[in-house]
J.: 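This is the structure, below, for whatever I ask next.
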There are 2 protein chains.
Amino acid sequence: MVLSRRKSKVPPLPACPPQPCPLQQCMELLGGAWTPNIVWNLSGDPRRFSELRSDIPNISAKVLSARLRALADKGVITRSVIDTSPPTVEYALTALGRELLPVIDAIERVGRKLAARAG
Amino acid sequence: MVLSRRKSKVPPLPACPPQPCPLQQCMELLGGAWTPNIVWNLSGDPRRFSELRSDIPNISAKVLSARLRALADKGVITRSVIDTSPPTVEYALTALGRELLPVIDAIERVGRKLAARAG
DNA sequence: CAGCATCCCACGGGATACTG
DNA sequence: CAGTATCCCGTGGGATGCTG
C-alpha cells in the first residue's frame, strides 16, 4: 500500500541538522554490535570482566576488551582495578553512561516486541 | 553488524541471559552508522531519495542506497516507485519501522543532552 | 582472573564516475 | 531524478594462543 502523492511539505521533525546531528553524537557511544549489550549488563551492579563474558555469551575476550576500553575512553564506564589476588577489575557506568540507559531500554523493549512478533 | 565469518557467530537469537537478549534483534535493524538517521528522517511524511540525501548531509549516494535497500529487505521501510517523469521513488516506514521510533527518539534525546554537555 | 597478541576476513563507508 | 559501478581502505569482529 502506497501513500498519497507528494503532499504536504511539513517537516516531520525539525529537520535533522544542527551541525553534528544528535543521533551521531549518541551513536558514537553506542556503536558496535555488542556495545548496547555491554552497557545493558552494567545497568545494575558493577561487573567484572569474566562476569560480563558469561553474561554475554559468544562475545570474545578481544571484543569485550576492546569495547570496554573504548567505553572507558569515552567516559561511559569506569574501570576500577581492585588489588586482590588474583586481581579483579570492576566496570560500572558513569553518570554519562547512565544517560544511555533510556536508549538501551527502548532498544530492549522494541527488541522484545520484535522477538514476540517474529517468534 | 557483520555477524558472519567461518562459523557465523552472534547467534540469531542466543539464549543471552536467562531472559532477554532482544537487544540484538533490534540492533540488527538499526545497525550501521547512518541507519538511525535515515529512519528518523522517515518518521514523518514519506521522502524521496534526493530529499534524504539533503536531509542527511554528507551521506553518499552509495551508502544511502545500500541502507535503504537493506531496510526495505528487512521490512522496515517501503519503496514505492511512482511512474512520473522523471520517475520518483518514495520511501516510508512500515508498521515495523514505526516500532523503532521510540528508540530513535531516545537516541536523539540523549544525543541532544550529550551535545549540550560536550559543546 | 583479566587481559593482550596475532592473523585474517567481511562489511561499512568515502570518493569518483557513469546510466536509464 | 534515482540510482549502479568500481576502487579502496579502515575497522569491527571471529579464532586461537599466550601472559602478568
Side-chain angles (χ1 to χ4, degrees), chain A residues 2 5-6 21 23-24 27-38 41-42 46-74 77-92, chain B residues 1-12 14 23-24 27-39 41-42 46-74 77-92:
Chain A
V2 183
R5 286 276 27 221
R6 227 51 320 260
C21 174
L23 294 172
Q24 253 88 359
M27 289 313 285
E28 237 170 88
L29 303 183
L30 285 179
W34 298 99
T35 311
N37 213 323
I38 294 172
N41 277 282
L42 289 174
R47 307 208 38 91
R48 301 184 331 209
F49 191 85
S50 56
E51 288 178 315
L52 289 171
R53 276 200 81 175
S54 50
D55 288 343
I56 310 171
N58 299 317
I59 195 171
S60 68
K62 173 196 162 186
V63 170
L64 179 55
S65 175
R67 296 296 104 221
L68 287 172
R69 186 166 293 275
L71 286 170
D73 286 351
K74 290 170 184 164
I77 64 175
T78 57
R79 179 181 187 274
S80 322
V81 181
I82 301 165
D83 196 2
T84 58
S85 170
T88 65
V89 182
E90 280 191 347
Y91 295 91
Chain B
M1 218 41 141
V2 188
L3 305 173
S4 64
R5 176 87 161 69
R6 298 187 238 293
K7 287 210 319 203
S8 110
K9 250 8 223 155
V10 181
L23 293 171
Q24 253 88 357
M27 289 311 286
E28 237 170 86
L29 303 183
L30 285 179
W34 297 101
T35 311
N37 213 322
I38 294 171
V39 174
N41 276 282
L42 289 174
R47 308 211 33 96
R48 302 181 330 202
F49 191 88
S50 56
E51 288 178 316
L52 289 171
R53 277 201 79 174
S54 49
D55 287 343
I56 309 171
N58 299 321
I59 195 171
S60 69
K62 173 196 164 184
V63 170
L64 179 54
S65 176
R67 297 295 104 222
L68 287 172
R69 187 167 294 273
L71 286 170
D73 286 351
K74 291 170 184 164
I77 64 174
T78 57
R79 178 180 188 275
S80 322
V81 180
I82 300 163
D83 196 3
T84 58
S85 168
T88 65
V89 182
E90 282 191 345
Y91 296 92

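Letters A, B, ... mirror the listed sequences (proteins, then strands); counts begin at 1. Note that the structure is a prediction, hence the values are computed from the model and not measured.
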J.: Output the rounded distance in Å from CD (B/E28) to C1' (C/dC11).
T.: 15 Å

J.: Whole angstroms only, please: what is the CG-C1' distance between A/D83 and C/dC1?
T.: 13 Å

J.: Could you tell me which residues satisfy side-chain contact (heavy atoms from CB on, under 4.5 Å) with A/A92, sequence neighbours excluded, listed by chain and number?
T.: A/P46, A/T78

J.: With sequence neighbours left out, write down each residue that passes side-chain contact (heavy atoms from CB on, under 4.5 Å) with B/K74, or none if nothing qualifies.
T.: B/L29, B/V76

J.: On a heavy-atom basis, which atom in B/T84 and which in B/P86 lie closest, and how many Å separate them?
T.: OG1-O, 2.8 Å

J.: Check salt bridge (Lys or Arg N to Asp or Glu O under 4.0 Å) between A/R53 and all other residues, then give those that pass, not counting sequence neighbours.
T.: none

J.: Return no unless some side-chain N or O of A/S85 is found under 4.0 Å from OP1 or OP2 of C/dC1.
T.: no

J.: So, is B/S50 close to the D/dA2 phosphate, meaning a side-chain N or O under 4.0 Å from OP1 or OP2?
T.: yes

J.: Figure out the CZ/C1' separation between B/R53 and D/dT4, and round it to whole Å.
T.: 13 Å

J.: How many Å lie between CG on A/L68 and C1' on C/dA2, as a whole number?
T.: 11 Å

J.: Sugar-phosphate atoms are those with a prime plus P, OP1 and OP2; base atoms are the rest. Using that split, label each nucleotide of nucleotides 14-20 of chain C B, S or - for protein heavy atoms under 4.0 Å, 5' to 3'.
T.: BB-----

J.: Would you indicate, yes or no, if C/dG12 has its OP1 or OP2 atom less than 4.0 angstrom from a side-chain nitrogen or oxygen of B/R67?
T.: yes

J.: Out of D/dT4, D/dG13, C/dG13, which nucleotide sits closest to the side chain of B/A33?
T.: C/dG13

J.: What residues form a side-chain contact (heavy atoms from CB on, under 4.5 Å) with A/S85, not counting sequence neighbours?
T.: none

J.: In Å, rounded to the nearest 0.5 Å, how long is the span from CG of B/L23 to CH2 of A/W34?
T.: 11.0 Å

J.: How many whole angstroms separate atom CG of B/L52 from atom C1' of D/dG3?
T.: 13 Å

J.: OP1, OP2 of D/dA2 versus side-chain N and O of B/R79: anything below 4.0 Å?
T.: no

J.: Roughly, in whole Å, what's the span from CG in A/L64 to P in C/dA5?
T.: 16 Å

J.: Measure from CD1 on B/I82 to P on D/dG3 and round the result to the nearest Å.
T.: 11 Å

J.: Taking five pairs at each end of the helix from C/dC1-D/dG20 to C/dG20-D/dC1, what angle separates the two helix axes (nearest 10°)?
T.: 50°

J.: Think A/R48 has a side-chain N or O under 4.0 angstrom from the OP1 or OP2 of C/dA2?
T.: yes

J.: Mind checking what makes side-chain contact (heavy atoms from CB on, under 4.5 Å) contact with B/V89, not counting sequence neighbours?
T.: B/R79, B/V81, B/Y91

J.: Given A/N37, which partner from the list A/I56, A/L42, A/L64 fulfils the side chain to side chain contact (heavy atoms under 4.5 Å, CB included) test?
T.: A/I56

J.: Rounded to the nearest Å, what distance is computed from the CE atom of residue A/M27 to the C1' atom of nucleotide C/dG13?
T.: 15 Å

J.: Could you state the interatomic distance from CG (B/L68) to CZ (B/R47), rounded to the nearest 0.5 Å?
T.: 12.5 Å

